[in-house]
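Notes to accompany the following structure.
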Number of protein chains: 2
Amino acid sequence: MARPREFNYDDALRGAMEIFWQRGYRGTTLPDLLAAMGMTRGSFYQAFGDKEATYLAALDYYDTAVVSTVVDRLGRCAAPSAVACLLPMFQSSEADTRGCFICNAMVEMGPEHPEAAQKTRAMADRLRRAILSVLEHFASPSPDRTLPETADLILHLYFGKQAMGKAGGAAADWEGRLRSLV
Amino acid sequence: MARPREFNYDDALRGAMEIFWQRGYRGTTLPDLLAAMGMTRGSFYQAFGDKEATYLAALDYYDTAVVSTVVDRLGRCAAPSAVACLLPMFQSSEADTRGCFICNAMVEMGPEHPEAAQKTRAMADRLRRAILSVLEHFASPSPDRTLPETADLILHLYFGKQAMGKAGGAAADWEGRLRSLV
DNA sequence: AGCGTTTAAGACCGAATGGTACAAAACAAC
DNA sequence: GTTGTTTTGTACCATTCGGTCTTAAACGCT
């Protein structure tokens, strides 16, 4: 009945996620965003509202596409140890300067944008629970720490690594470090 | 011989640090910056160059004023245990939404500004060495980890906490967590 | 073919951006 | 008091920002 869309909604949203992930909210100009989404202003504002709404939608997309994948992988991990299951989280390539979108959003938007902060907290909680499920599956008890505490520790290490990784010069033996914790 | 300055260079730089710390580089507009520094455009550009140079100078100021204080305090800490010495680092008030300027700068500028990234790495190294010196002073050996590894772990936890703290809803028992590590 | 509806493209907008130019002002030296 | 030098305040600048508006195009339906 009407002119069909020339863009795919999900593809465009993924493009938005990619560019926001890489450059942050303020670092992404509207032309940047439009190029990444493969559309022009007219279509964009009609379909996505505005830049801010698109950023929040991109956070949701990250939750669905990236966090869910990690959580799933942790949930059905067939590796022989908790360390082996968790290690991939700590082995992002050195050349990847995007870091973790959750971490980026926390730092950039956290204090000034409650809605974005809420989304990042929700995603962090999902990660925390997934880490905990791995620990519980292998049930390695420790006299020093409860498993939820260890999971929270590992989550903090993860975000710390993501933050520091953005400044480069990281590369540590995470396998040894993780083994000393779980 | 000439008209005297009406502003104090160090006070102005401290003001710049405060506002960049709180709002980041891109989140700070020139009017914001000028207000925080207590000066007008003419004086600013003549004395500080431009926004970017001021940001880098603010990072140096943070190193001198904040990091040095923390490092000194760790170096001469009279507390009876490593945990007691390190705990203050993890007890920033909940209401403080600025987080850690190093962490903020790493995430915001890291990938796109090698000079800023280099400064953040240098400051992180200072913190790491200070943490290590505390651990070595109390010399609590562990079969699982070397002391430098533990120091690096604690540094990562610190940045992780700073990043997550910006999204709110933190507050954990860091004393227990630290005790389980050192 | 004509109509109704939605999309696409981009011209256009006011506001805000970081930065410059310039004139007035405040001192020391003489 | 005059001069030389630096600081100060502000008017001004081009550019870019996010966002709107208008027009043409592309369909399904009848």
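Chain A is the first sequence line, chain B the second, and so forth, proteins listed ahead of strands; every chain is numbered from 1.
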Close N or O pairs between protein and nucleotides 28-30 of chain D (under 3.5 Å):
from   : atom 1 : to     : atom 2 : distance (Å)
D:dG28 : O4'    : A:Met1 : N      : 2.2

Exercise for the section: Mind calculating the distance between OH (A:Tyr55) and C1' (D:dC17) to the nearest angstrom? Expected result: 18 Å
Problem - Electrostatic pair A:Glu112:A:Arg26 at N-O distance under 4.0 angstrom - result: yes
Practice task
Consider the side chain of B:Thr40, meaning its heavy atoms from C-beta on, and name the nucleotide among D:dC17, C:dT20, D:dT10 that approaches it most closely.
Solution key: D:dT10
Fill in the blank from the handout: A:Met39 atom CE is separated from C:dT6 atom C1', nearest whole Å, by 13 Å
Nucleotides 12-15 of chain D: which of its N/O atoms have a protein N/O under 3.5 Å away?
none

Exercise for the section: Assign A:Thr54 to base, sugar-phosphate, or nothing according to its heavy-atom contacts below 4.0 angstrom with the strands shown. Expected result: nothing
Exercise for the section: Please determine which of A:Phe48, A:Phe20, A:Trp21 meets the ring pair (Phe, Tyr, Trp, His ring centres under 6.0 Å) test together with A:Tyr55. Expected result: A:Phe20
Exercise for the section: Check whether any side-chain nitrogen or oxygen of B:Tyr45 sits under 4.0 Å from OP1 or OP2 of C:dG19, and answer yes or no. Expected result: yes
Handout entry: Heavy-atom side-chain contact between A:Glu108 and B:Glu108 under 4.5 Å
Key = no
Exercise for the section: Would you kindly give the CZ-to-C1' distance between B:Phe7 and D:dG9, to the nearest whole Å? Expected result: 14 Å
Completion exercise
To the nearest angstrom, the CZ-C1' distance between B:Phe44 and C:dA21 comes to 17 Å
Exercise for the section: Using a heavy-atom cut-off of under 4.0 Å over every strand shown, decide if A:Ser43 touches base, sugar-phosphate, or nothing. Expected result: base
Problem - Side-chain touch B:Arg73/B:Thr69, heavy atoms, less than 4.5 angstrom - result: yes
Handout entry: Spacing of B:Gln162 atom CD and B:Phe101 atom CZ [to the nearest 0.5 Å]
Key = 13.5 Å
Practice task
Decide yes or no for A:Arg145 and A:Leu181: does some side-chain heavy atom of the first lie under 4.5 Å from some side-chain heavy atom of the second?
Solution key: yes
Problem - Atom pair distance, as rounded to whole Å: CG in A:Leu34 and P in D:dG18 - result: 9 Å
Practice task
Using atom CZ of B:Arg3 as one end and atom C1' of D:dT6 as the other, report the distance to the nearest whole Å.
Solution key: 9 Å
Exercise for the section: May I ask you to check whether A:Arg23 and A:Thr29 show a side-chain donor-acceptor distance below 3.5 Å? Expected result: no
Handout entry: DNA chain C: 5'-proximal contact among B:Thr29 and A:Glu6 (nearest heavy atom)
Key = A:Glu6
Practice task
Please round to the nearest 0.5 Å and tell me the distance separating atom CD of B:Glu175 and atom CG of B:Leu86.
Solution key: 11.5 Å
Handout entry: Whichever of B:Gly42 and B:Pro4 has its nearest DNA chain D nucleotide further upstream toward 5'
Key = B:Pro4
Problem - Per A:Pro31 side chain, nearest of listed nucleotides C:dA9, C:dG18, D:dG18 - result: D:dG18
Handout entry: Spacing of B:Leu33 atom CG relative to C:dG19 atom P, expressed in whole Å
Key = 10 Å
Exercise for the section: Using a strict cut-off of less than 4.0 Å between a Lys/Arg side-chain nitrogen and an Asp/Glu carboxylate oxygen, indicate whether A:Asp144 and B:Arg179 qualify as a salt bridge. Expected result: no
Handout entry: N-O pairing of A:Glu18 and A:Arg98 below 4.0 Å
Key = yes
Problem - Protein-nucleotide distance (A:Asp32, atom CG; D:dC17, atom P), rounded to Å - result: 7 Å
